[in-house]
Amino acid sequence: MKVALFATCFNDTMWPGTPRAVVVLLERLGCEVEFPTAQTCCGQVFTNTGYAAEAVPLVRSFVDVFSSYDHVVVPSGSCTGSIRQQHRGLAERAGDPGLERAVTEVTPRVHELSEFLVDVLGVTDVGAYFPHRVTYHPTCHSLRMIRVGERPLQLLRAVRGIDLVELPAAEECCGFGGTFAMKNADVSVAMGFDKARHVKETGAEVVVAGDNSCLAHIGGLLSRERAGVQTLHLAEVLASTEEHPWTPEHSPRTQRSESNAAVHGRVRPRTPRSGESVSAPGGAEALS
Amino acid sequence: MSRTFVGMPKFPVAAKQALANPQLRRNLNHATHTIRAKRGRVVGEVADWEELRHQGAEAKDRVLAHLDTYLLELEEKLTAAGATVHWARDAAEANRIVVSLVQATGSEEVVKVKSMATQEIDLNGALEAAGIRAWETDLAELIVQLGDDLPSHILVPAIHRNRSEVREIFLRQMAGVGRAAPEDLTDEPSRLAEAARLHLREKFLRAKVAVSGANFAVAETGTLVVVESEGNGRMCLTLPETLISVVGIEKLVPTWDDLSVFMRLLPRSSTGERMNPYTSMWTGVTEGDGPQDVHVVLVDNGRTNVLADVVGRQALRCIRCSACLNVCPVYERVGGHAYGSVYPGPIGAVLVPQLKGLTGPLEQSLPYASSLCGACFDVCPVRIEIPELLVHLRAAVVDQHRGGLPSGEALAMRTMAWTFDRAPRLEKAQNLATGVGRLLGDRHRLGRLPWPASAWSTARDAPAPPKQTFRQWWDETHGEQR
């Protein structure tokens, strides 16, 4: 299956380990991943700050880049939400019926990562191995904007070796909120402190979510407190295998050297064998 | 002693002050979580809750689409039932009407049923200026009034006070305006309620004029409905000779069938009760029973402006249940005063800028007083898309400032938008970032940063940029595919 990856500007620039993990994971599951290099940003930061006019060219560019793909995978609940629920309104606002049609046409083919795995590929066991104590924070836009529901937890529960613990008050916002984190920094931090406290209560080594933006906020607070809890995107947990396990020392977040093979390897990934089952959990065989 | 919200600081400033008050944080956390849990339980019992929400939204949308027709129907039915209908364009006009109606009775005081519309127009201030005392009879409104305080919640205006603070207010203030609180008053809720009951009873029995709002106005019969929990409303609506009701023009429901939907939605959403304790309904004048001089003041005060905005008008569906306040993580931490208006919380953040216009710094800051977490929409009984409205209003704020000298933010946004417009421009910017990442070596967390990044880094570490972007990695590993 051919899949286009929309890495998102934030991941591409600041958290490259996440889209790398998506590539590793999807190739392991037999997908042919493409990264159309003309892609940039979904425009959410502009839209949600009130700069709707500035977001319109990005909507146009998104449909131009992705309209020829059957499946677009996005490792971000928030950016998926923006594409799905804001792009059409932006096109309407710009008074561009052609763009509106193009948005309506491409949007149903855009999937957040957990949606793509569970709904399109039909897998919950992706052959991952992650022997750590983990708690999952369902980000607001995953939960209430695109409604991924239980999908990320279904995927996490199937991970071998994982010790998955429930996060108290999980459904409460962490306080990131895009430019809210800067414009209303005091409230944002007050909300984040409570989230960080709940994370610490679980005794988890790693807090996992489907949005690196929220994780940057939660992780920023945990790091300032020297809490010793790592933040990690869902994709990176799912990409970790027994052959190429994620380790805190080799996390693409903590060490940006070129050693970690699975997610970080400069090695050429193998091409998926034709006819390889995409739903086979045995995709544990990693690239090498 | 009537305080108003005029001249409040903009949200981030007021929020910072509120956050610095640990007692307030504790009171709010306790109260919002209690109501939230109660609501969750009773809403969970209703199998067709989502269907009810749709019905509520549709009924209100029908009203808004045919407001002119229903308003005239209401006026006709009210007049036929012996009530006098007054129309008020704005707060000043509504206040003039009410003041002159009270003056015509010769009374120098009125008892009041809790009413958001009268709060919105600051009727108490107008009455006071005319030498008329307005006595709030809802327990929480009484606490706010006696404490010379401002309401901080739509349903529970004294939510920011705990019971020991209430006791102090009663002991200190009641004697000056009527029956004193007993000297041995404790902070037991039943003792506090008893003190309020005795204090208020004098006023109920003496009052010649009552002022109320209305939760609903049923167009097909001209019936007004007040929904309350303490029985104070029932006293005000039945005992005095004159009853003046100030009603926002969006309070209409077409029929009693529509009303039944809201009578199921409202109690569960607001107080977390299955059924409302005191529901008073009256249709004009009933001879020999209850007030014989009945007035209804229909108030616009910005509502028709809201109606003119096809996206924004859904805010007029609001039935003032305050479920969005109770579930809002921002409200929970800063309380109602930070919003600088009688309508706080998520609904206030979308309603106030629309009713008043994006006139000042406060109104322009309110649409940004949200993390867009969406919890408000999920609990809204009439499905107001509050996050979508907030974003819509943010665009209006930005558009209002276009044309002049751009702000730092506007410049930054435009530069970013220009960069994101073409991938090669983004790559150049990324090269700067990875360059910094390489310079930082093994550091992967940044501590305190200079302004404007200090807004982030005062309490949060920032991630150091990586040494390699994703697209650089892709180019190395998969590049020849392209």
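Ranked by heavy-atom pairs under 4.5 Å with chain B, the list A:N184, A:T179, A:V187, A:V65 is led by A:N184. Most heavy-atom pairs under 4.5 Å with chain B: of the set A:D194, A:L58, A:L5, A:N48, this distinction falls to A:N48. Among A:M145, A:E171, A:Q39, the residue with the largest count of heavy-atom pairs under 4.5 Å with chain B is A:Q39. Counting heavy-atom pairs under 4.5 Å between each of B:L390, B:V391, B:L446 and chain A puts B:V391 at the top. For the options B:R402, B:M416, B:R425, heavy-atom pairs under 4.5 Å to chain A are most numerous at B:R402. When each of B:P452, B:A429, B:A417, B:G447 is checked for heavy-atom pairs under 4.5 Å with chain A, B:A417 comes out on top. Between chain B and the options A:G43, A:G219, A:A52, the largest number of non-hydrogen pairs under 4.5 Å is found for A:G219. For the set A:E54, A:M182, A:R144, A:K183, the entry with the most heavy-atom pairs within less than 4.5 Å of chain B is A:R144. For the set A:S223, A:A7, A:G177, the count of heavy-atom pairs under 4.5 angstrom toward chain B peaks at A:S223. Heavy-atom pairs under 4.5 Å with chain A were tallied for B:S454, B:A453, B:A423; the largest tally goes to B:A423. Taking chain A as the reference chain and counting heavy-atom pairs below 4.5 Å, the highest number among B:A410, B:A396, B:A462, B:A433 is found for B:A410.
Using a 4.5 Å cut-off between heavy atoms, A:R60 does not touch chain B at all. Both the backbone and the side chain of A:A53 have a heavy atom closer than 4.5 Å to some heavy atom of chain B. Interface remark: B:E332 contributes side-chain atoms only to the contact with chain A (heavy atom separation under 4.5 Å). For B:S365, no part lies near chain A; criterion is any non-hydrogen pair under 4.5 Å. Residue B:H401 does not touch chain A at all, counting heavy-atom pairs closer than 4.5 Å. For B:L372, the parts lying near chain A are the backbone and the side chain together; criterion is any non-hydrogen pair under 4.5 Å. Interface residue B:R333: only side-chain heavy atoms are found under 4.5 Å from chain A. Neither the backbone nor the side chain of A:L222 comes within less than 4.5 Å of any heavy atom of chain B. In this structure, the portions of B:V330 lying under 4.5 Å from any heavy atom of chain A include both its backbone and its side chain. Using a 4.5 Å cut-off between heavy atoms, B:R36 contacts chain A through its side chain alone, with no backbone atom that close. Heavy-atom distances place the side chain of A:E172, and not its backbone, under 4.5 Å from chain B.
Atoms CG and SG, from B:D378 and B:C373 in turn, are 8.5 Å apart once rounded to the nearest 0.5 Å.
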Exercise for the section: Verify side-chain contact (heavy atoms from CB on, under 4.5 Å) between B:S370 and B:F11, making sure each step is shown before the conclusion. Expected result: CA-CA 10 Å; B:S370 164; B:F11 183 83; over 6 Å; no
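A donor-acceptor pair shorter than 3.5 Å can be found between the side chains of A:D211 and A:S76. No donor-acceptor contact under 3.5 angstrom links the side chains of B:N21 and B:H160, judged on distance only. Side-chain atoms of B:Q23 and B:N27 include a donor-acceptor pair closer than 3.5 Å. Between the side chains of A:Q85 and B:E388, no donor-acceptor pair of N or O atoms lies under 3.5 Å. Checking A:T18 against A:N11 by side-chain atom types alone, no donor-acceptor pair falls below 3.5 Å.
A salt bridge links A:K200 and A:E225; the closest N-O separation between the charged side-chain nitrogens and carboxylate oxygens is under 4.0 Å. A:R226 has a carboxylate O that lies under 4.0 Å from a charged side-chain N of B:D461, or vice versa, which qualifies the two as a salt bridge. Between B:R394 and B:D399 there is no salt bridge, since none of the side-chain N atoms of the basic residue sits less than 4.0 Å from a carboxylate O of the acidic one.
Annotation: cation-pi geometry satisfied between B:R460 and B:W456 (NZ/CZ under 6.0 angstrom from ring centroid, within 45° of ring axis). For A:R84 and A:F62, the positive end is not near the middle of the six-membered ring at less than 6.0 Å and at most 45° from its axis.
The aromatic rings of B:W474 and B:H478 lie parallel to each other, their planes meeting at an angle below 30°, with 60° marking the opposite boundary.
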